[in-house]
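So the structure is just underneath, and the comments pick up after that.
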Amino acid sequence: MPAELDFSAPAHVLAPLLIGVTLLVDGVGGRIVETEAYDGTDPASHSFRGRTPRNAAMFGPAARAYVYRSYGVHWCLNLVCGQMGDGAAVLIRALAPTHGLEQMHARRSVQDERLLCAGPGRLTQALAIDGSFDHLPLLEPPFELLAPPGGAPAPALVTGPRIGITRAVDVPWRFGEAGSRYVSRPFPGDAAAGAALRRR
DNA sequence: AGACGGATTGCCT
DNA sequence: GGCAATCCGTCTA
């Protein structure tokens, strides 16, 4: 895993560092282009009201997965971080597909590569992540985290308010790779991404 | 014990 | 743009 990736860091510190890191499950996945931070002090977080069976992974050791069912339909993947009891985690919202495109297409019936992993529920489907992944260590198979190629410049970042929440709506804890065509939704003010969208 | 609603997506009009 | 699908923690009684 990338040496600079410190899962003991707070969620809002780790979340931007994850942009550009490659996330694989059984060799299938891509480059993380969109994340969101949550922690126990945050009214928008599942952990805000304390530990429950559903969110228990958020209160356990860092560098494990927190996988929950969204709207009774989709699975969403979080990377637990911070100190024990923080209730901190980073939601992975989108990947730029790079590994195992064929398998991802087989799991998701979309032709457009851009839609393979553009959204928290979509990427878990593409990587075949479900509830059985809850609590799994991130630094062991089937997970794999790969640093960007050595010497590669850090990706330019964009930030904004988080998606789909009703509380703490102004906290800018959504992070993305500037100009990426693979984010779940455009970032306000990301001119490069807007231009890329209009271009095609 | 029962109602409510969500860190979403995809299909319908 | 609207809305169904469908699970479960949380809130109210």
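Convention: sequence-line order gives letters A, B, ...; per-chain numbering from 1. Since the model is a prediction, treat every value here as computed from it, not as a measurement.
Under a 4.0 Å N-O distance rule, the pair A:Arg162/A:Glu36 does not qualify as a salt bridge. Using a cut-off of 4.0 Å between Lys/Arg side-chain N and Asp/Glu carboxylate O, A:Arg185 and A:Glu34 are scored as not salt-bridged.
When the nucleotides C:dC11, C:dG9, B:dA7 are ranked by their closest atom to the side chain of A:Thr52, C:dG9 comes out on top.
When side chains are defined from C-beta on, A:Thr35 does not count as touching A:Arg93, because their heavy atoms never get closer than 4.5 Å. Residues A:Phe175 and A:Leu17 form no side-chain contact, since every pair of their non-hydrogen atoms from C-beta on lies 4.5 Å or further apart. Using a 4.5 Å cut-off on side-chain heavy atoms (C-beta onward), A:Arg54 and A:Arg69 make no contact.
Between A:Tyr68 and A:His46, a ring centre-to-centre spacing shorter than 6.0 Å is recorded.
Rounded to whole angstrom, the span from the CZ atom of A:Phe59 across to the C1' atom of C:dG9 amounts to 13 Å. Remark: C1' of C:dG9 and NE2 of A:His46 are 10 Å apart, rounded to the nearest angstrom. In this structure, A:Met58 places its CE atom 14 Å from C1' of C:dG9, rounding to the nearest Å. Distance A:Tyr38 OH to B:dG6 C1': 11 Å, rounded to the nearest Å. One can place CG of A:Asp39 at 15 Å from P of B:dA7, the figure rounded to the nearest angstrom. Rounded to an integer number of Å, the gap from CZ of A:Arg49 to P of B:dG6 is 12 Å. Going from atom CZ of A:Arg69 over to atom P of C:dT10 covers 18 Å, rounded to whole Å. Going from atom CZ of A:Arg54 over to atom C1' of C:dC7 covers 9 Å, rounded to whole Å.
Ring pair A:Phe143/A:Phe133 is perpendicular by interplanar angle, where above 60° counts as perpendicular and below 30° as parallel.
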TODO: Summarise how protein sits on nucleotides 8-13 of chain B as a single string, 5' to 3': B when a protein heavy atom is under 4.0 Å from the base, S for sugar-phosphate-only contact, - for no contact.
DONE: BSS---
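When all heavy atoms of A:Ser47 and A:Asn55 are compared, the pair lying nearest together is CA-ND2, 3.9 Å. A pairwise comparison of heavy atoms in A:Met58 and A:Val80 identifies O-CG1, 4.0 Å as the closest pair.
Rounded to whole Å, the P atom of C:dT6 lies 22 Å from the corresponding atom of B:dG2. Rounded to whole Å, the C1' atom of C:dG1 lies 22 Å from the corresponding atom of B:dA7.
Residue A:Asn55 is out of contact with every strand shown, counting any heavy-atom pair closer than 4.0 Å.
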Task: Pair pattern of DNA chain C in dot-bracket, where unpaired bases get dots and | marks partners in another strand, Watson-Crick or G-U under 3.5 angstrom - done: |||||.||||||.
